[in-house]
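The structure under discussion appears below in the form of structure tokens.
Just the heavy atoms: all of them, side chains too, but no hydrogens, waters or symmetry mates, feed the values below.
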Amino acid sequence: YYSQKSIRSLEDYSVHYKVNLKNPNPLFELFAPTVYVAKNSRIDGTFTGGYTSILSINTQPDTVFLGRDKFFENELQINISKVADSTNVLAMVFLGSNNQLISGVETRDLFFEGIWNNNHIDFEFDIDQVKYSNYARLYGEVDFLTNETVIHFNPSDLSILDKFWFVNDKNLISISENEISISNLSISSGEQFISLNGFISPDPDKILFTNMENVQLENLNTIISQNL
């Protein structure tokens, strides 16, 4: 079909749109009751057609609640493009939030960027803690296979109480229809070591193992809302 499609018949055109969401929350209450979005949030963007079709979506809701987690001064950008004589789709997602309250912990400068090309996504996730100098700069990739989705974290930058933590590069998370398999998902700093291996599954014989060695509790206390 794509090889026979007449490219000459495709004329370029562009549509600009703006949507003012006076109160989107009654709709969220029906389909996602734990979501709240600030009133009078705007969505705007463009759609460009022709040989290459491009859709852009931009919104900057001041406040978003996801359950008990709160996000303030937010921005979301989505760009999707497709060439007329190809089945390939390229998408870019950017999410930013200046201030957050996640599980009772104050954080700032949340950043997520994902580049989706066919069945592969490269992503970056950044976040900083307000009270301490802790931060995370996570890099990774997602592959959508026939029967499973595979997630891998690349070498990343984690700091807790000014100590650098290394991510095991051999980590792998596999998500299938009924279970999640976790292999070599671990971080380490000096003699401190935390790892996850095993399964999250309805099968009682498949177990998730957690291993913690020489972990200083003060490290954990800084990133959770209670003392251990």
Examine [X] and [Y] and state if one hydrophobic cluster contains both, with Ile, Leu, Val, Met, Phe, Trp and Tyr joined whenever side-chain heavy atoms are less than 4.5 Å apart.
X    : Y    : value
L101 : V105 : no
V150 : I173 : no
F166 : L161 : no
V19  : F47  : yes
I151 : I127 : yes

Are more than 12 heavy atoms from other residues, nucleotides or ligands located less than 6.0 Å from atom CG of N88?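 Yes, CG of N88 has more than 12 neighbouring heavy atoms, counting only those of other groups under 6.0 Å.
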For E213, I'd like to know if atom CD has over 12 heavy atoms of other residues, nucleotides or ligands within 6.0 Å.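 Correct, the count exceeds 12.
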To the closest 0.5 Å, what do you measure between [atom1] ([X]) and [atom2] ([Y])?
X    : Y    : atom1 : atom2 : value
L185 : L196 : CG    : CG    : 5.5 Å
N178 : S201 : CG    : OG    : 7.5 Å
L30  : N25  : CG    : CG    : 11.0 Å
S97  : I102 : OG    : CD1   : 7.5 Å
L110 : E73  : CG    : CD    : 13.0 Å
F71  : N99  : CZ    : CG    : 11.5 Å

Output yes when D128 and R137 qualify as a salt bridge under the 4.0 Å nitrogen-oxygen rule, no when they do not.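 Looking at R137 together with D128, the answer is yes, because their closest N to O distance falls below 4.0 Å.
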Scan side-chain atoms only and decide if [X] and [Y] contain a donor-acceptor pair under the 3.5 Å cut-off.
X    : Y    : value
Q77  : N79  : no
D122 : H120 : yes
E148 : S176 : no

Are [X] and [Y] packed together at the side-chain level, in the sense that at least one heavy-atom pair is separated by less than 4.5 angstrom?
X    : Y    : value
T48  : D12  : no
L76  : N74  : no
N171 : H152 : yes

What are the two closest non-hydrogen atoms of K39 and K22, and how far apart are they?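 It is CB-O, 3.1 Å.
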Least distance between heavy atoms, S186 atom then S195 atom: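 Closest pair (atom of S186, atom of S195, distance): CB-CB, 3.5 Å.
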Would you mind listing every ring pair (Phe, Tyr, Trp, His ring centres under 6.0 Å) that reaches into residues 186-220, with sequence neighbours excluded?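 Counting only pairs at least two positions apart or across chains, no ring pair (Phe, Tyr, Trp, His ring centres under 6.0 Å) contact touches residues 186-220.
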For a side-chain contact (heavy atoms from CB on, under 4.5 Å) check, start with the C-alpha distance between L138 and L158, then their side-chain angles and the critical distance, and finish with the verdict. CA-CA 8 Å; L138 298 176; L158 299 174; 3.5 Å; yes
Set of salt bridge (charged side-chain N to carboxylate O under 4.0 Å, His left out) partners for K206, sequence neighbours left out: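 Applying salt bridge (charged side-chain N to carboxylate O under 4.0 Å, His left out) to K206 gives E179.
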I would like to know whether W116 and I80 meet side-chain contact (heavy atoms from CB on, under 4.5 Å); could you show each step before the answer? CA-CA 9 Å; W116 189 340; I80 305 171; over 6 Å; no
In sequence, state the C-alpha distance, the side-chain angles, and the governing distance for L172 and N184, and then conclude on side-chain contact (heavy atoms from CB on, under 4.5 Å). CA-CA 7 Å; L172 198 67; N184 297 315; over 6 Å; no
Parallel, tilted or perpendicular: ring planes of F112 versus F125, cut at 30 and 60 degrees: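 Ring orientation of F112 relative to F125: tilted.
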Taking ILVMFWY side chains as joined if any heavy atoms are under 4.5 angstrom apart, and letting links pass through other members, which residues group with I115?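 ILVMFWY cluster around I115 also holds L90, M92, F94, F111.
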